[in-house]
Amino acid sequence: MTILSEETQPPPPSATSPPPLQQELPITTATTSAAKKKLTLIPLIFLIYFEVAGGPYGEEPAVQAAGPLFAILGFLIFPFIWSIPEALITAELSTAFPGNGGFVIWADRAFGPFFGSLMGTWKFLSGVINIAAFPALCIDYLKRIFPIFASGLPRQLALLISTVLLAFVNFTGLNIVGYFAVALGVISLAPFIVMSAIAIPQVQPHRWISLGQKGMKKDWTLFFNTLFWNLNFWDNVSTMAGEVENPKKTFPLALFCAVILTCLGYLIPLVAVTGAVVVDQSKWEAGFMADAAKTISGSWLKFWIEIGAVLSGIGLFEAQLSSSGYQLLGMADLGLLPKFFALRSKWFNTPWVGILMSTLIAIGVSYMSYTDIVASANFLYSLGMLLEFSSFLWLRWKSPQIRRPYRVPLRIPALIIMCLVPSCFLVFIMAIATKTVYMVSGLMTLGGIGWFFLMKFCKSKGFLHFKRVMNEEL
């Protein structure tokens, strides 16, 4: 299966056939004079990379939960049953609908505005919950260097100030954020390349097949949540499709490169460290890679990795905040949110309302525990992905006339199987959630449904201004 193949263009529609979908939906692109530059291939690759991974920071709990062998197999196999199918779907639908809004457009076109709005709720909330985790992760690494940030007022102020400053960087423009991501990616990956090279003489291959130390009970909930959290969100970049230069060609290639970069970025350091370092399995918690670097080469490499972790967290924050901001802009262009959400900055052409709303919610969520943040994001994202898989299959079956510059090279039965395997995993992730996560996710879903009908009421009464779209049902 290759992500780079293209389908033969279908013949022009006849007078009685429905027009291509690009003519039916509002494709939101940056058209003002402030938007002279769009995202090119290299910045887009690193934005996708930071949407998903940002480096091997955070993969350590997989070893703690199930031992070296299962951790290596997990990061080797899981991309084939999850990451690649999600990336393929994103490539096809982003090139078919090259506008801001991404997965919201897909659900809206497949099942109508109610499901488009519900998709927006699930993905937006999971996104901002994820955003909130990254400043906390940065501070967790930073406190290893500066213990004052371990707790109390200094930690709370650090979370608040870092979130506000990073949000301002996002406000200055997506093109700037893209090149910023390239620099952060190179710097944050460099210490792991050095560590893996230094570790080669110390590697003992028999350590890779360890099932874990005796007496350690396997925590499959932690194991699968770690894999899922480290390898999802491939579709987030679709919300910025309108800001990409020649998205019909750039998106598939960028996704292909990002999948390779992400998988190697996880596997190589994991194989190096599990083969070179022997420690109590319980010590494999988030941040252990820095301690392993000290064992392999010394304090200088530990310090470098800790700095790299902070920079990686910054990249993750910037990439996902961009997605959330442009998602709200796209929803406004679809008429699912008031026109106010589509406002762009006069100076930078960025969706300042979407960025501001995403930042404020992320600040509120950032004081939750790290475990709660990950579990809640995973559950909401799972609901959104089930709807996304359904939208993909429905559009392929019911709307074959849509022009797809990139097309997943499989027929409907094979596509169903491709989506069914990760869907089963999504159901499993949801089944092992705690009662608290069920309650929080249920309340958020009810809130999203209520929001849709509130917007419908406001629109019917003229209380708020909405953009008009064709085939409007809201």
Side-chain angles (χ1 to χ4, degrees), residues 39 43-44 46-55 57-58 123-146 148-149 153-189 229 233 236-237 239-240 243 286-287 305-329 344-345 347-368 370 373-374 377:
L39 282 175
L44 183 59
F46 279 88
L47 274 176
I48 297 172
Y49 173 68
F50 277 113
E51 294 279 10
V52 178
Y57 310 98
K123 289 300 188 79
F124 176 74
L125 291 175
S126 68
V128 293
I129 289 172
N130 228 23
I131 290 169
F134 300 129
L137 192 61
C138 288
I139 301 300
D140 284 342
Y141 272 95
L142 205 56
K143 74 183 182 184
R144 295 167 176 262
I145 305 172
F146 305 106
I148 190 174
F149 295 124
L153 184 61
R155 178 181 176 83
Q156 294 176 355
L157 288 175
L159 284 172
L160 177 62
I161 294 171
S162 62
T163 301
V164 172
L165 290 176
L166 293 176
F168 178 76
V169 173
N170 206 272
F171 174 71
T172 61
L174 188 58
N175 201 54
I176 292 174
V177 171
Y179 283 104
F180 191 44
V182 174
L184 291 175
V186 172
I187 296 172
S188 61
L189 276 174
W229 191 70
F233 292 99
N236 273 13
V237 73
T239 65
M240 302 179 286
E243 312 301 309
I305 285 182
E306 288 170 341
I307 295 299
V310 175
L311 297 178
S312 174
I314 292 172
L316 289 160
F317 180 95
E318 296 294 348
Q320 299 206 10
L321 181 58
S322 294
S323 291
S324 295
Y326 280 96
Q327 179 192 327
L328 295 183
L329 182 148
R344 290 178 181 258
S345 165
W347 298 283
F348 305 109
N349 201 51
T350 47
W352 68 269
V353 176
I355 293 172
L356 178 62
M357 291 294 296
S358 302
T359 302
L360 291 176
I361 297 173
I363 289 173
V365 174
S366 64
Y367 296 100
M368 294 170 58
Y370 184 77
I373 289 174
V374 173

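Quick note: residue numbers are just sequence positions, from 1. Because only heavy atoms are used, hydrogens play no part in the values below, and waters and symmetry mates are left out as well, while side chains stay in.
Residues Q320 and V128 have side chains not in contact (no heavy-atom distance under 4.5 Å, counting atoms from C-beta outward). Within the 4.5 Å cutoff, the side chain of L328 has no heavy atoms near those of the V353 side chain. Looking only at side-chain heavy atoms (C-beta outward), S162 and F317 stay at 4.5 Å or farther from each other. Using a 4.5 Å heavy-atom cutoff, the side chains of I314 and L166 are in contact. Residues S188 and F50 form a side-chain contact, since some pair of their non-hydrogen atoms from C-beta on lies under 4.5 Å apart. Using a 4.5 Å heavy-atom cutoff, the side chains of L356 and F171 are not in contact.
For T239 (side chain) and S323 (main-chain N/O), a donor-acceptor pair under 3.5 Å exists by modelled atom type. A donor-acceptor contact shorter than 3.5 Å is absent between the side chain of T163 and the backbone of I363. Of the possible donor and acceptor atoms, none in the side chain of S312 sits under 3.5 Å from a partner among the backbone N and O of G308. Judged by distance alone, with hydrogens and angles left aside, the side-chain atoms of S345 form a donor-acceptor pair with the main-chain N or O of W347 at under 3.5 Å. In this structure, Y326 contributes its side chain and M240 its backbone to no donor-acceptor pair below 3.5 Å. Side chain of S324 to main chain of S358: no donor-acceptor pair is present (N/O by atom type, distance under 3.5 Å, no hydrogens or angles).
When the shell of 6.0 Å around CD1 of I148 is examined, it contains 12 or fewer heavy atoms from other residues, nucleotides or ligands.
Annotation: the span from L174 atom CG to E318 atom CD amounts to 10.5 Å, rounded to 0.5 Å. Here the CG-CD distance, from N130 to E51, works out to 9.5 Å after rounding to the nearest 0.5 Å. From L184, atom CG reaches atom CG of L189 across 10.5 Å, with rounding to the nearest 0.5 Å. If you take CG on N170 and CG on L165, they are separated by 13.0 Å, rounding to the nearest 0.5 Å. To the nearest 0.5 angstrom, L321 atom CG is 5.0 Å from I131 atom CD1. Interatomic distance, CZ of F180 versus CG of L311, reported as 7.5 Å (0.5 Å rounding).
Across S322 and V177, no two heavy atoms sit closer than the pair OG-CG1, 3.9 Å. Across all non-hydrogen atoms, the minimal contact from G55 to Y49 is N-OH, 2.8 Å. The nearest pair of heavy atoms linking A167 to I355 is O-CG2, 4.1 Å. Across all their heavy atoms, I139 and A158 have their closest contact at CD1-CB, 3.6 Å. Across all their heavy atoms, G178 and L39 have their closest contact at CA-CD2, 4.2 Å.
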When you look at L329 and R344, which way does the side-chain contact (heavy atoms from CB on, under 4.5 Å) test go after all the steps? CA-CA 9 Å; L329 182 148; R344 290 178 181 258; 3.8 Å; yes

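F149 and F146 have perpendicular rings, their planes meeting at more than 60° on a 0 to 90° scale where under 30° would count as parallel.
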